[in-house]
Amino acid sequence: MNILRYISILSVSSLLLTGCVDLDYTEVTTNNEDWVYSSPLYGIQPLVTSIYARIPNGFDKNYEGGEGATVAAATDEAECAITTSSVLRFYNGGWSAINPFSYTWENSYKAIAEANVFLEKYYKIDLSEYKYNSGYEAMKNKFELFEYEVRFLRAYFYFELVRAYGDVPFTLKSLTNAQANTIARTESAEIMDWISSEMDAIAEFLPVSYLTELNVDIGRATRPMCLALKARTLLYKASPLFNKDNELQLWLDAARANHELIKRAEGWGLRLGDYSEIWGSSNGDSKEVIFASKRGSRNSWEKFNYPVGVENGRSGMCPTQTLVDSYEFADSDESFGQRYSSNTINVSSERPFDGIDPRFYMTIVKNGDFWPNYNVAPIETFEGGLNAPPLVNATTTGYYLKKYCDGNVNISTNNATTTPHAWVIMRLGEFYLNYAEAAYQYYGNADMKGEFDITPNEAINKLRDRSDVNMPHWNGSSENWNERYRRERFVELSFEDQRFWDVRRWKSGNETEKINIATFRKEANGDILLIRSNKIRAWNDKYYFFPVPFSELNKNPALVQNPGWN
Amino acid sequence: MKTRILNLILAVFLLSVFSSCEEKDSKEEWTPVIASFYPSIIMSGTELTIIGDDLQDTRSITFPGGNTTTEFVVVNSQTLKVRVPENIGDEEDRLTITTSSGVLSSNQTIRKANPAFEYFNPAEEVATYENLSIIGSDFLLASSVKFAGKEKEMTVSAIDFLRKSNSEIKIKLPKETPSGDNISLKMIFENGEEMLLGELKVTEGEGNGSWVQSELVIFDDEPKEIGSWGNIVIPKERFVSAKVGDMIRVYISDVADPDSYPQGSLKAPTGNWDGLNEEMGCFEITALDKSSGYYERQIADEAILDLLSEYGLVVTGQNYTVTKVSLFTSVWIESDNDNSGSSTDPITEHTVMLNDFDPVGDHNCDWDHSWTDSEATEFPSDENGNIYLYLAKPLMDDSWLINCNHVDRGSVADIENYEIKLDIRIDEGAEGFSKAVIQFVIADNWCWVGDNVFPETTGGKWITIRFDAAQWLSGELNIGSITCGVFGNNIPAGISIDNFRLDPK
């Protein structure tokens with residue numbers, strides 16, 4: 001018996017040790033290569049879809065937030081009501097190189113490794129056996145595009161890395177694990193230039209849309225996505241975090257790239273629609289959306305973010321008063337924070353929300369709103385109210401999140417429903433703002449067209465002209481134009497995972513240290529008071545870049561840690 | 001015995017440990033290698049990017065045919081960029097690189113592009129706003145297509161092609177395309193080489209579009225301080241597209257305090273400079289105007305429009321600055337069918353229509369779906385009166401989606417040169433269409449396709465789906481009034497169908 005036991009233990013140990021852990025996992029390395037490249041649906045296609053599947057999206061919480069929170073709750077947009085959420089580590093001292101948010105690093109490099117392997121082997125694709133099959137032409141058309149799609153995806157993941165880490169190891173070739181652990185970081189500017197030129201090189205090969213292809217697929221790389229990635233990348237390159245000497249030429253490059261996209265957009269069927277079309281069950285097909293990750297039918301976002309007090313609601317990300325303070329009014333360019341700056345506001349008598357930018361109502365749930373659509377009782381965020389403290393996990397800011405939630409989704413246990421959700425990664429509105437920012441930084445005049453056919457103010461006015469927004473136009477180049485622009489961007493792109501990165505590229509992280517929040521109180525006479533207060537979230541300049549995970553530094557002696565994280 | 005067994009097991013164990021990891025994982029050294037390159041077809045003068053390892057010591061690069069160049073750029077140890085030299089060979093071959101440590105050969109082969117034009121589709125005549133396909137081979141390095149008439153030329157760049165593949169370039173002809181009976185087309189490649197494609201008749205199409213509310217800027221020079229009745233004169237030519245109901249908006253800044261009586265004034269530059277009407281001659285600039293950054297007045301009647309059209313506009317008043325003046329009017333915007341509206345292939349004179357649900361003689365949609373579940377199908381018509389089929393209930397069991405058209409369609413020569421087409425539109429939010437199992441029936445020939453005939457979504461638009469008839473049919477096909485249709489199962493509700501047809505490839 002002892003021998004048998006010995007044999008068993010040894011055999012199991014042997015098996016374990018012979019299974020070398022392959023950190024460079026791809027479908028290719030785990031399947032017979034010849035089989036893979038001659039099997040269209042089960043061999044080749046999964047190589048590409050595997051890379052697509054790595055595109056991060058806010059719904060699946062793979063933006064490092066965890067527990068339903070996106071990075072909106074790691075900046076001054078929102079406060080996460082769920083106190084166990086890992087998003088709190090971004091500012092509570094729990095973030096370090098040893099305890100990093102390593103998803104972007106690991107996920108991006110896995111995607112890049114898969115892309116590099118594919119691009120080195122795709123010449124082996126052999127569809128000849130399928131020549132007489134039905135749908136051969138469609139298959140051939142589809143597979144011919146894979147090279148360009150994968151090149152787009154590789155560039156996209158490098159952008160994700162550079163945005164988070166700055167300089168990063170850069171390779172366009174598949175490496176052994178040992179080789180990968182010897183390469184040093186390449187300057188972010190060099191990688192950004194490569195992204196830009198790579199998009200120039202491949203854009204013309206990709207279709208504008210797949211609706212006219214033999215395979216009407218969704219979510220695959222397109223020509224507008226190439227121009228958009230280039231435009232966004234060049235905006236980052238021109239921004240203070242990366243453009244330390246404020247080289248004006250970089251702003252001009254960014255303005256040109258963003259202008260090219262918005263100029264071609266209409267001819268490509270892209271246009272600004274209603275603001276409310278940016279989310280909802282058909283947002284993935286919205287005319288404004290350039291790049292979306294369709295996640296199928298679900299209600300998890302609503303479960304995370306519907307208010308406590310609505311059956312199964314968890315409050316999730318609660319918009320801050322800082323965000324509310326950024327909305328302007330239809331009758332002036334004053335923001336809420338400027339008009340109502342006192343510590344206590346009588347909401348019942350002063351009616352401070354009257355005339356506020358309609359985007360407020362589409363983004364934020366406030367006291368008295370009926371939300372979600374099936375809720376027959378108005379939301380009560382005043383202390384002791386149906387959806388307010390002292391209920392556990394009730395809003396900590398006085399507001400709840402509406403944007404991206406589909407108010408038609410029912411999350412009650414007995415009548416739960418789901419609807420399709422798509423996470424918007426790039427939409428046209430962002431690029432009007434990008435253009436306005438870059439052109440203003442270059443010309444210093446928001447009413448100047450320069451070499452373009454639209455001024456920065458006119459670009460912003462395009463967004464404000466949406467039929468369900470309809471806010472007054474901007475004109476002139478006042479001293480606070482830049483400040484007002486950042487406010488407008490904050491409002492327009494709220495909860496779209498932009499603000500977290502914007503404050504970093506602007507190097508204005510310290511401005512997000514103080515978070516305004518609101519508490520609502522019901523007086524004996526029935527009046528509702530909004531009482532301002534604030535929370536301090538420690539800011540450290542090292543937060544401008546993520547720390548390289550300590551485990552990676554351990555493996556690769558050529559890697560140098562980002563400033564402040566040692 | 002026990003010891004022997006144990007020793008044997010131990011030996012196997014140690015062997016397996018030391019041989020377990022592939023060399024790939026432990027290999028740390030960097031040796032020169034070519035991993036990939038793109039593009040995979042080249043022409044003399046085009047740029048080639050080579051990716052590999054340890055390429056910094058490259059001395060020369062050799063192309064098919066043995067032509068070698070020493071002129072290249074070492075971007076870094078992993079990337080070379082090289083301009084392809086003259087006189088490369090026609091044979092497909094591996095790329096070789098000579099480095100200080102030896103000669104490297106690529107796994108992938110490379111070849112010289114030999115672009116060849118085959119035909120246009122449509123073959124002889126195309127109108128502006130319509131799509132033109134240029135069919136051939138080795139088009140990947142095309143950078144533009146030039147259209148030349150007797151007096152006018154126009155070039156469409158690759159970024160503006162609807163689609164570029166190695167065998168097809170598809171262009172939507174812009175309105176600026178020269179028109180005439182003999183418009184010459186040339187394809188221009190990245191290295192500047194040109195290939196004459198032939199001539200086409202190009203006519204002026206009407207295009208499609210719609211009236212869209214738009215802001216036309218009619219003054220945007222340096223801001224003008226109006227002071228005490230200073231003025232800006234805007235010429236009448238700026239009001240060519242003005243209509244009754246349009247708004248004139250004057251953007252303002254530096255508006256004086258109310259006690260200084262800031263006033264606006266919109267006049268016509270006639271002899272007397274009268275106001276466009278009595279009210280517009282002089283009016284207060286209000287606090288709301290000031291906060292909005294503009295004041296605006298409507299072209300409320302023909303009299304105002306006549307003044308603007310005949311004389312133009314004077315913007316005047318006192319105690320403010322004019323920064324811009326705009327006309328808010330509706331303008332005709334051309335739509336791009338391929339991207340924003342329907343994306344269907346045109347019905348041409350060469351189309352063999354098998355079934356479009358419109359009445360033909362005694363036959364109509366009732367005939368065309370007479371074998372189908374009558375409760376599942378509806379026959380709405382669009383704004384042009386065109387009838388199509390709408391599946392209101394799913395067809396889960398084997399069913400005819402389209403059953404027949406008993407109208408004599410004659411015969412088709414060389415059916416292998418045709419595509420079977422169907423226009424479809426899937427309701428937004430409807431799901432499961434890619435799992436529908438379909439076969440086409442063409443003159444009683446059953447053409448099995450299977451699933452993935454329909455996409456999961458068409459984005460709410462009409463699109464055309466196409467299948468190569470050569471997969472199932474060849475030679476002359478007598479269609480006559482023999483059954484043609486679409487048969488299948490597992491088809492969800494929410495799909496619209498029209499124009500089941502054969503079109504030449």
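Distance check: B:L162 CG to A:W268 CH2 gives 11.0 Å after rounding to the nearest 0.5 Å. Distance OG/B:S167 to NZ/A:K140: 5.0 Å, rounded to 0.5 Å. Interatomic distance, CD of A:Q179 versus OG1 of B:T31, reported as 7.0 Å (0.5 Å rounding). One distance of note links CG of A:L175 with CD of B:Q78; it measures 6.0 Å at 0.5 Å rounding. B:N76 CG to A:T171 OG1: the interatomic distance, rounded to the nearest 0.5 Å, is 9.0 Å. For the atom pair CG of A:L145 and OG of B:S165, the computed distance is 8.5 Å after rounding to the nearest 0.5 Å.
Atom NZ of A:K462 has 12 or fewer heavy atoms from other residues, nucleotides or ligands within 6.0 Å. More than 12 heavy atoms of other residues, nucleotides or ligands lie within 6.0 Å of CD in B:E416, so this atom counts as buried by the packing criterion.
Per-residue heavy-atom pair counts under 4.5 Å with chain B were compared for A:M448, A:E120, A:R223, and the maximum is reached by A:R223. When the candidates A:R151, A:K449, A:E458 are compared by the number of heavy-atom contacts under 4.5 Å with chain B, A:R151 comes out ahead. If you tally non-hydrogen atom pairs under 4.5 Å between each of B:L140, B:I34, B:T79 and chain A, the highest count goes to B:L140.
Only the side chain of B:K324 has a heavy atom closer than 4.5 Å to any heavy atom of chain A. Looking at B:E222, neither its backbone nor its side chain comes within 4.5 Å of chain A, counting heavy atoms on both sides. For A:T419, no part lies under 4.5 angstrom from a heavy atom of chain B. For A:S281, no part lies under 4.5 angstrom from a heavy atom of chain B. Heavy-atom distances place the side chain of A:E190, and not its backbone, under 4.5 Å from chain B. Of the atoms belonging to B:A469, not a single heavy atom falls under 4.5 Å from chain A. With a 4.5 Å cut-off on non-hydrogen atoms, A:L227 touches chain B through its side chain but not through its backbone. Heavy-atom distances place the backbone of A:L119, and not its side chain, under 4.5 Å from chain B. The contact between B:V33 and chain A is made entirely by side chain atoms (from C-beta outward), counting heavy-atom distances below 4.5 Å. With a 4.5 angstrom heavy-atom cutoff, B:D220 touches chain A only via side-chain atoms.
In this structure, the side-chain contact (heavy atoms from CB on, under 4.5 Å) partners of A:D331, at least two apart in sequence or on a different chain, are A:F329, A:R339, B:L288.
A:N475 places no side-chain N or O within 3.5 Å of a backbone atom of B:Y251 that could act as its donor or acceptor partner.
Closest approach of A:P207 to B:R163, counting heavy atoms only: CB-CD, 4.0 Å.
Between the side chains of B:Y294 and A:H473, no donor-acceptor pair of N or O atoms lies under 3.5 Å.
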Next on the checklist: What verdict does the side chain to side chain contact (heavy atoms under 4.5 Å, CB included) test give for A:K121 and B:N107, after you've listed the backbone C-alpha separation in whole Å, the side-chain angles of each residue and the deciding distance to 0.1 Å?
Outcome noted: CA-CA 9 Å; A:K121 306 271 174 97; B:N107 293 323; over 6 Å; no
